[in-house]
Structures are given as structure tokens and as C-alpha cells.
Amino acid sequence: MDKTTVYEDIRQQIVDERLAPGQWLIERELCETYSMSRTPIREILWKLMADGFLEQEANRGFVVRRLGLEQIFEIFQTREAIEGMAARLACRRGGETFHATLREIKKKIANANIESDPMLGIAFGRELHRAIMDAAHNGIMADIGGRLENLTVLTANITKRAPAIEKASADAHLNIINALLQQDEEKSEQLMREHLRETCRHVVEQFYPGMLETSSSNK
């Protein structure tokens, strides 16, 4: 295997949670698994860390990233800022090809039973967010969005266990698509920001009960 293939294999195991949050990656075991020497394996681990999938602890090695409450807030706050503006720019700059993509995604979401299969909601949502970022035609924003997407994958591992969150996201995605097709810049940005804010709130309420009140009381 080459380094790209090994990187993608480890990354997919993290996305699928076959490598669970908090699990240690042992260099010696990875070398044996992939028949690679220590130097390329270490380069792969450093890239996974740079892309947000791993963390390193001094003198202990690499561990699959476990998102804490504060990190979840930070991810969604950053997404709101970046993707809210991306929606506005996509509304202004997206052409007929973008609109055709939106209509196709809208059809997929409308026909999917997301409550019984939350992974469909995640897949279609990711497709929509990527299409919006592409249509914004902002290279720096796209670079930031690429790294942010890696962290978004980790939050999706939380929401896929809560069909109600993905159903609410699907409804929000349909509203965003309609605003984009209407070329309403202000509404597109507003709906995107509201969607990400509400998703963050749902995640915290579902998996960190009581923490919103605690966070508010500490401010």
C-alpha cells in the first residue's frame, strides 16, 4: 500500500468508528498491519492529526480525537461564520449548474426516509454543504472549509445516533435550498446560520443534557 491508501483506510475507520474516539493508535501495530516502516506511518499519523482526526499526547503517541463540549461549540460557531457567508456568496455567484444540483439534492432529501436511516440525511447534507462551498468561489474559504469538514465528520458520528436531529437538519436543508433557488442572499445566509446554531443546540441537549444551562450560568 502507498501512504495515500493507508491514510484513507485509517481515516475511514475513524469515520466509521471502527477506531473509536479515545482509542490509541500504536505505531508498531500499524507498521505490521500495513507492512510499512515507521517513518511513513508516522507521516500518515501527523497528517491525520493536522486534518483534525487525531490528537497527540506528549510521550504517549496518537489517539483518535474525542470531541468535548467546548470543541463542539467552537466547531459550530466556526461553521456558522464560514458557511453562512458561503451561502450568501453561492446565492450571488451560483449559476444554472449549481441550481440544477440544488434541485437534485432537494429531490433526494424529499424522497428519503431520514428518520429510519439517518445516514441518508448526513450524506445528502454533506452533498449540499459541499455544493454551496464550491459555488461560493472563494479559495481561502474552501481551504478552511475543507479542514472544517473533517471536524464535521466527527460531529456527524454523534448526530447519526439521533434520527430526530438529522430529520430537523433535513427540513432546514430544504428551506436553505429554496432560499438559494430564489436567489435571496440575506435569507440564505440567515437560514444557514440558524440551521447550524439549532443543530449545535440539539447535539448538546441530546448528548450533554443540562450543559446548556450550566454554560449559560457561567457566562
Side-chain angles (χ1 to χ4, degrees), residues 1-83 86 117-162 165-166 169 196 199-200 203-204 207-208:
M1 289 188 184
D2 59 25
K3 287 192 290 186
T4 300
T5 303
V6 174
Y7 169 90
E8 288 298 334
D9 186 63
I10 297 174
R11 177 189 178 280
Q12 195 59 50
Q13 289 187 63
I14 294 171
V15 171
D16 295 340
E17 293 189 294
R18 286 175 284 149
L19 289 172
Q23 184 171 336
W24 290 95
L25 274 65
I26 310 301
E27 290 182 26
R28 173 178 48 78
E29 294 178 358
L30 293 172
C31 290
E32 293 173 357
T33 298
Y34 295 107
S35 300
M36 270 188 170
S37 64
R38 193 167 184 176
T39 297
I41 285 294
R42 184 164 289 181
E43 290 173 359
I44 291 164
L45 293 174
W46 277 107
K47 179 169 172 51
L48 285 163
M49 187 179 75
D51 290 344
F53 293 104
L54 301 179
E55 294 177 316
Q56 187 186 38
E57 294 192 15
N59 302 318
R60 295 195 65 190
F62 296 89
V63 62
V64 178
R65 188 168 195 165
R66 178 189 284 120
L67 294 179
L69 185 65
E70 193 61 34
Q71 289 175 311
I72 289 173
F73 281 133
E74 290 176 355
I75 289 167
F76 278 101
Q77 286 166 354
T78 307
R79 288 189 66 191
E80 183 183 334
I82 297 293
E83 297 189 51
D117 189 355
M119 291 302 296
L120 287 176
I122 291 172
F124 298 150
R126 192 167 297 151
E127 188 177 352
L128 173 62
H129 286 271
R130 284 176 179 168
I132 291 170
M133 190 64 71
D134 289 343
H137 296 296
N138 183 307
I140 293 176
M141 187 178 288
D143 288 342
I144 297 171
R147 173 166 167 76
L148 201 54
E149 185 174 337
N150 293 331
L151 298 175
T152 301
V153 166
L154 299 181
T155 64
N157 283 339
I158 298 174
T159 63
K160 72 184 181 183
R161 295 192 288 273
I165 295 177
E166 287 305 327
S169 289
L196 293 168
T199 302
C200 181
V203 168
V204 174
F207 297 100
Y208 300 89

Could you give the distance from SG (Cys31) to CZ (Arg38), rounded to the nearest 0.5 Å? 7.0 Å
Return the set of residues passing side chain to side chain contact (heavy atoms under 4.5 Å, CB included) with Lys47 (not counting sequence neighbours), or none when no residue passes. Tyr7, Asp51
Looking at Arg18, is its backbone amide N or carbonyl O close enough to the side chain of Asp16 to form a donor-acceptor pair, meaning the two atoms are under 3.5 Å apart? no
Would Arg79 and Leu151 satisfy side-chain contact (heavy atoms from CB on, under 4.5 Å), going step by step from the backbone distance to the final call? CA-CA 10 Å; Arg79 288 189 66 191; Leu151 298 175; over 6 Å; no
Are Leu54 and Ile10 side-chain neighbours, meaning at least one heavy-atom pair lies under 4.5 Å? no
Just how far is it from atom CG of Leu128 to atom CE of Met133, taken to the nearest 0.5 Å? 11.0 Å
Are any of the side-chain heavy atoms of Ile41 and Lys3 separated by less than 4.5 Å? no
ring-ring contact (aromatic ring centres under 6.0 Å, His included) contacts touching residues 13-62 (sequence neighbours left out): Trp46-Phe62
Partners meeting side chain to side chain contact (heavy atoms under 4.5 Å, CB included) with Thr155 (sequence neighbours left out): Leu67, Ile75, Phe76, Thr152
Given Arg126 and Val153, is the side-chain contact (heavy atoms from CB on, under 4.5 Å) satisfied, shown in steps? CA-CA 9 Å; Arg126 192 167 297 151; Val153 166; 4.1 Å; yes
Measure the OG-CG distance between Ser35 and Leu30 for me, rounded to the nearest 0.5 Å. 11.5 Å
Those residues at least two apart in sequence (or on a different chain) that pass side chain to side chain contact (heavy atoms under 4.5 Å, CB included) with Thr33 are none
State, with a plain yes or no, whether a side-chain heavy atom of Val63 is found less than 4.5 Å away from one of Gln23. no
Nearest heavy-atom approach of Ala136 to Ala86 is CB-O, 3.8 Å
Kindly give the heavy-atom pair with the smallest separation between Arg66 and Glu55, and that separation in Å. N-OE1, 4.2 Å
Ignoring hydrogens and geometry, is there a side-chain-to-backbone donor-acceptor pair from Gln71 to Gly68 under 3.5 Å? yes
Spatial distance of atom CD (Glu80) from atom OG1 (Thr199) [nearest 0.5 Å]: 10.5 Å
Enumerate the residue pairs fulfilling salt bridge (charged side-chain N to carboxylate O under 4.0 Å, His left out) with a member in residues 142-152, sequence neighbours excluded, ordered by first and then second residue. Arg130-Glu149
Is the side chain of Glu8 donor-acceptor paired with the backbone N or O of Thr5 at a distance under 3.5 Å, no angle test? no
Sequence neighbours excluded, the answer for side chain to side chain contact (heavy atoms under 4.5 Å, CB included) partners of Ala135 is Ala90, Phe98
Nearest 0.5 Å, what's the CG-CD1 distance between Leu196 and Ile82? 11.5 Å
Mind checking the CD-CD spacing from Gln12 to Glu17? Nearest 0.5 Å is all I need. 11.5 Å
Test log, rule side-chain contact (heavy atoms from CB on, under 4.5 Å), inputs Ile132 and Glu83: CA-CA 8 Å; Ile132 291 170; Glu83 297 189 51; over 6 Å; no
